[in-house]
Amino acid sequence: MAGNARVGVLALQGDVREHAALLRGLGAEVVLVRRPDELATVSGLVLPGGESSVIDKLSRLFGMQEPIRAAIAAGMPMYGTCAGLILLADDVLDGIDGQESFGGMDVAVRRNAFGRQTESFETDLDVPALGEPAVHATFIRAPVVERVGAGVDVLASLPDGTVVAVQQGSLLGTSFHPEVDGETRFHERFLDLAETFALTRESTHA
Ligand code: GLN
């Protein structure tokens, strides 16, 4: 289970501190990642919630877009919540003009999909991959997954079938924010992936 992996939180904008605190509480060593040389020291990266168009712009300004894309291509585990999920999507719907994503997940994600009336809401979600109890999920100007590619597992949907949590290999994404509710199981799943990735990297470099 979760342990002492060294992982990063992309620290350009968004709820960086909440993720860092949760991951540290699970025993991980956490690096706040703003530069390519910091990314090179970690075995996994959390993309926090915030504003995806801002994180996108800052990542290009800081020279992080290509290194993050290369890390994804190399199999580095990443976990995106809300804006972070948007950044992992191959296709972004309702992005601002010129908005880009890192991509890597074969999904289409629509920004602000619940409209202005529903700025935020909370609900209990059944997530079979995590078992009992249900996940208490907080959605804040949240995106939804509108297209799910063949290699993508749906981890959770709302009662009307709207997809809100997905996994493709070592990439995890949720429309909601487990880090604000003390829900640790998605982060534990991410840390397990990061530990496995660290081990395979060590053995291929040995
Ligand atoms: N609406 C934001 C976006 O488009 C996401 C909101 C969030 O991360 N809580 O990036």
Side-chain angles (χ1 to χ4, degrees), residues 1-2 9-10 14-15 18-19 22-23 26 44-53 55-56 72 75 77-95 99 101-194 196:
M1 284 305 285
V9 179
L10 185 64
D15 70 336
E18 288 80 353
H19 283 284
L22 196 157
L23 290 164
L26 291 172
L45 186 69
V46 167
L47 308 177
E51 174 48 54
S52 57
S53 60
I55 299 175
D56 163 43
I72 291 170
M78 301 215 180
Y79 173 30
T81 62
C82 204
L85 165 64
I86 297 168
L87 287 158
L88 286 176
D90 282 346
D91 298 322
V92 177
L93 308 173
D94 287 342
Q99 180 166 350
S101 66
F102 304 128
M105 276 191 145
D106 184 13
V107 293
V109 170
R110 186 176 300 280
R111 289 175 67 229
N112 302 334
F114 295 96
R116 289 183 169 208
Q117 273 75 3
T118 321
E119 280 280 291
S120 86
F121 65 97
E122 297 176 30
T123 189
D124 286 325
L125 272 183
D126 202 23
V127 186
L130 300 183
E132 296 289 331
V135 168
H136 188 73
T138 299
F139 293 78
I140 305 166
R141 296 199 306 119
V144 300
V145 180
E146 286 201 355
R147 180 185 62 75
V148 176
V152 179
D153 295 322
V154 172
L155 299 183
S157 312
L158 294 173
D160 69 359
T162 303
V163 174
V164 291
V166 281
Q167 178 166 4
Q168 180 172 8
S170 54
L171 302 178
L172 266 174
T174 57
S175 300
F176 49 90
H177 291 267
E179 73 283 2
V180 306
D181 289 307
E183 166 60 61
T184 60
R185 289 172 288 171
F186 286 100
H187 291 77
E188 286 169 28
R189 195 174 176 87
F190 161 71
L191 288 177
D192 284 345
L193 293 166
T196 305

* Are side-chain heavy atoms of E18 and H177 found at a separation under 4.5 Å? -> no
* **Check ion pair R111-D94 (N to O, under 4.0 angstrom)** => no
* Asked: Once you round to the nearest 0.5 Å, how far does CG of L26 lie from CZ of R185?
  -> 12.5 Å
* Without swapping roles, check the side chain of S175 against the backbone of A142 for a donor-acceptor pair under 3.5 Å. => no
* **Donor-acceptor pair, side chain of D90 and main chain of V107, under 3.5 angstrom** => no
* Determine whether T162 and S157 make a side-chain contact, defined as any pair of heavy atoms from C-beta on separated by less than 4.5 Å. => no
* Asked: Do you know the tightest heavy-atom contact between F176 and T81?
  -> O-CB, 3.6 Å
* Asked: Quick one: are E179 and V9 in side-chain contact, heavy atoms under 4.5 Å?
  -> no
* Structure fact -> Closest non-hydrogen atoms of V92 and I86, given as atom of the first, atom of the second and distance, are CG2-O, 3.6 Å
* **Polar contact flag, side-chain donor to acceptor under 3.5 angstrom, H136-E122** => yes
* D126 CG to E132 CD distance, which is reported to the nearest 0.5 Å -> 6.5 Å
* For the atom pair CZ (R110) and CZ (R147), what is the distance rounded to the nearest 0.5 Å? -> 12.5 Å
* Walk me through it: do V154 and V145 pass the test side chain to side chain contact (heavy atoms under 4.5 Å, CB included)? => CA-CA 10 Å; V154 172; V145 180; over 6 Å; no
* Answer whether the closest heavy-atom distance between the side chains of F102 and L10 falls below 4.5 Å. => yes
* How are the rings of F139 and F121 set to each other: parallel, tilted or perpendicular (split at 30° and 60°)? -> parallel
* Measure the spacing between CG of L22 and CD of E188 and express it to the nearest 0.5 Å. => 8.5 Å
* To do: Would you check if L47 and I55 make a side-chain contact, meaning some heavy-atom pair closer than 4.5 Å?
  => no
* Asked: Out of curiosity, T184 OG1 to F190 CZ, how far, rounded to the nearest 0.5 Å?
  -> 14.0 Å
* Which pair of heavy atoms, one from D106 and one from A150, lies closest together, and at what distance? -> OD2-N, 4.0 Å
* For the residue pair D15 and P48, what are the closest heavy atoms and their distance? -> OD1-CB, 3.5 Å
* Are any non-hydrogen side-chain atoms of M78 and L193 less than 4.5 angstrom apart? -> no
* **From L172, L155, L85, residue fulfilling side chain to side chain contact (heavy atoms under 4.5 Å, CB included) relative to V166** => L85
* Looking only at non-hydrogen atoms, find the nearest pair between A83 and S52 and report the distance. => CB-N, 3.6 Å
* Structure fact -> Between H187 and P178 the two heavy atoms that sit nearest each other are CE1-CB, 4.4 Å
* OG-CG distance between S170 and D192, expressed to the nearest 0.5 angstrom -> 13.0 Å
* Hey, can you tell me if Y79 and H19 have their rings parallel, tilted or perpendicular (30° and 60° cut-offs)? => perpendicular
